[in-house]
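Worksheet for the structure shown next.
Just so we're on the same page: letters track the sequence lines, and every chain starts at 1. The figures that follow rest on heavy atoms only: side chains count, while hydrogens, waters and symmetry mates do not.
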Protein chains: 2
Amino acid sequence: MDWSIQEIARHAGTTSRALRHYGDIGLLAPSRIGSNGYRYYDEQALVKLQRILLLRDLGLGLPAIAGVLTASTEPVAALGTHLDWLRRERDRLARQIAAVEETLKALKGGEQLMAEKMFDGFDHTQYQEEVEERWGKEAYATSDAWWRSMSDAEKAKWQERVSALGSDWAAAAESGIAPDSDGAQTLAERHVQWLSSIPGTPGAVKEYVTGLGDMYVADERFAANYGGVAGAEFVRDALAVYADRHL
Amino acid sequence: MDWSIQEIARHAGTTSRALRHYGDIGLLAPSRIGSNGYRYYDEQALVKLQRILLLRDLGLGLPAIAGVLTASTEPVAALGTHLDWLRRERDRLARQIAAVEETLKALKGGEQLMAEKMFDGFDHTQYQEEVEERWGKEAYATSDAWWRSMSDAEKAKWQERVSALGSDWAAAAESGIAPDSDGAQTLAERHVQWLSSIPGTPGAVKEYVTGLGDMYVADERFAANYGGVAGAEFVRDALAVYADRHL
DNA sequence: GATAAAGGTTTACGCTGCGTCAAGGTCAAG
DNA sequence: CTTGACCTTGACGCAGCGTAAACCTTTATC
């Protein structure tokens with residue numbers, strides 16, 4: 001009482017190719033192989049195949065399925081792990097959808113929306129003098145050209161990154177951890193990397209970084225981005241430690 | 001004013017490997033290649049790279065990004081298409097999560113829950129005589145062994161499929177479409193495939209399929225699964241047409 | 001008994017986006 | 001001259017099969 005590969009494939013709602021694949025990876029061997037090389041499957045194999053397909057429908061990977069089938073893994077454990085992964089994936093997708101929606105909205109809304117929010121409040125024209133004075137005209141021109149070349153979508157995304165960094169700093173400052181703690185230093189590293197990604201700036205240069213830290217504290221327009229003066233002080237201290245250690 | 005591959009990679013927050021990859025696929029070429037073969041990137045390249053990374057962060061595929069960069073695709077269109085895909089993926093994940101959760105619940109809940117709901121109301125012991133009479137003792141024994149060998153999770157999944165099929169039939173019947181319409185015939189095919197997946201049954205045999213159709217109408221315990229007698233009649237007619245055409 | 005239609009076999013590339021060796025040049029520093 | 005850091009070009013690996021390619025077997029038909 002057995003079936004050919006096509007027959008069992010139709011029975012179970014899959015393809016002969018998949019069955020050969022399962023055979024290749026040792027997940028489900030034919031119950032019998034004819035002298036002509038044909039694969040034949042019996043009822044036991046069909047039952048096993050249905051278990052495989054069921055678990056696969058739930059999204060489990062073939063190795064995980066193999067674990068369950070050989071009883072080397074508890075089904076509950078395997079599905080539990082899998083469920084965690086599914087939920088993380090769902091959350092990731094949800095965030096990505098939100099980001100794309102925002103980007104699209106910005107794209108359709110027009111350009112000038114972004115102009116004021118540049119660099120998260122760091123308007124190019126508004127701060128032009130300051131930047132030129134501190135870092136030279138060249139730096140400003142380069143940075144400006146860079147910003148202008150970005151599309152709205154890119155500007156929006158940039159904004160997102162900037163504000164994410166800002167709120168992370170604010171949260172860290174409020175949590176009461178030390179500026180030289182691992183958590184704060186991780187943020188400092190992100191901050192420096194972010195700075196380095198702006199063309200026309202000195203990037204990861206000690207004086208530049210510490211100088212900026214001072215500026216954040218001194219100028220409340222900047223401080224606002226990090227949860228006020230207290231937050232800015234935290235940022236400054238963390239950056240100073242980081243610069244001292246790595247730059 | 002240009003950077004080495006590592007430098008620009010750190011600037012932009014990616015890896016040198018990715019940059020080589022982008023070069024290989026023609027997405028972003030180095031602005032200059034030294035006599036030693038080293039890749040160098042200038043500011044224009046950095047800007048382009050940042051656009052690439054931004055779009056990639058939104059989940060766009062590299063080919064789609066290439067389309068946007070070469071201005072052969074509207075960013076709004078590309079992101080719109082992408083958004084649709086993201087949403088479908090999210091929905092698929094949500095359904096899968098629900099399925100896994102249900103399966104887990106069933107697994108943890110114990111075994112006897114399923115025993116009565118077998119075959120969506122088609123309890124083995126309850127209908128044993130009927131099955132034996134119609135299809136012989138062997139068929140029943142085979143089918144029974146098959147069912148018993150399944151885990152709760154598998155039984156649950158099976159239930160799900162059965163009830164999905166039933167409600168699809170009921171909906172089709174109520175929608176007023178003809179039994180020989182494409183929609184109904186698609187369901188008939190699913191139905192036959194489902195039947196074929198039960199070991200010990202004749203499977204896709206004309207007499208078996210049409211006979212079952214008659215049984216669904218004659219026995220209201222079965223008819224209930226398809227939205228009552230009217231639904232069962234619809235199923236019977238659709239199956240008859242299908243059997244006539246394909247079996 | 002010849003022939004054609006189904007169905008079977010193995011072998012192997014393709015897809016996504018790089019990570020990760022492998023094997024070996026280049027370059028600045030000690 | 002030697003390290004060590006950084007660069008190069010291949011090329012495999014991953015998940016799960018889809019999809020030819022090239023070639024037998026079995027089955028149905030004439």
Full working for salt bridge (charged side-chain N to carboxylate O under 4.0 Å, His left out) between D2(B) and R32(B): CA-CA 9 Å; D2(B) 48 11; R32(B) 180 170 72 81; 3.0 Å; yes
Pairing of K105(A) and E102(A) as salt bridge, 4.0 angstrom limit: no
Contacts of Y41(B) that satisfy ring-ring contact (aromatic ring centres under 6.0 Å, His included) - sequence neighbours left out: none
Whole Å only: how far is the [atom1] atom of [X] from the [atom2] atom of [N]?
X	N	atom1	atom2	result
Y40(B)	dC6(D)	OH	C1'	10 Å
E7(A)	dT26(D)	CD	C1'	12 Å
D24(A)	dT11(C)	CG	C1'	11 Å
I33(A)	dT9(C)	CD1	P	9 Å

Which part of the nucleic acid, if any, lies within contact of [X], taking any heavy atom under 4.0 Å across all strands shown: a base, the sugar-phosphate backbone alone, or nothing?
X	answer
I25(A)	nothing
S4(B)	sugar-phosphate
R20(B)	base

Any donor-acceptor N/O pair, S4(B) side chain to Y40(B) backbone, under 3.5 Å: no
Under 4.0 Å protein heavy-atom contact, by nucleotide of nucleotides 13-28 of chain C - B base, S sugar-phosphate only: ----BBBB----BBS-
CG-CZ distance between L28(B) and R51(B), expressed to the nearest 0.5 angstrom: 12.0 Å
Nearest heavy atoms of A78(B) and V68(B), plus distance in Å: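 Taking every non-hydrogen atom into account, CB-CG2, 3.8 Å.
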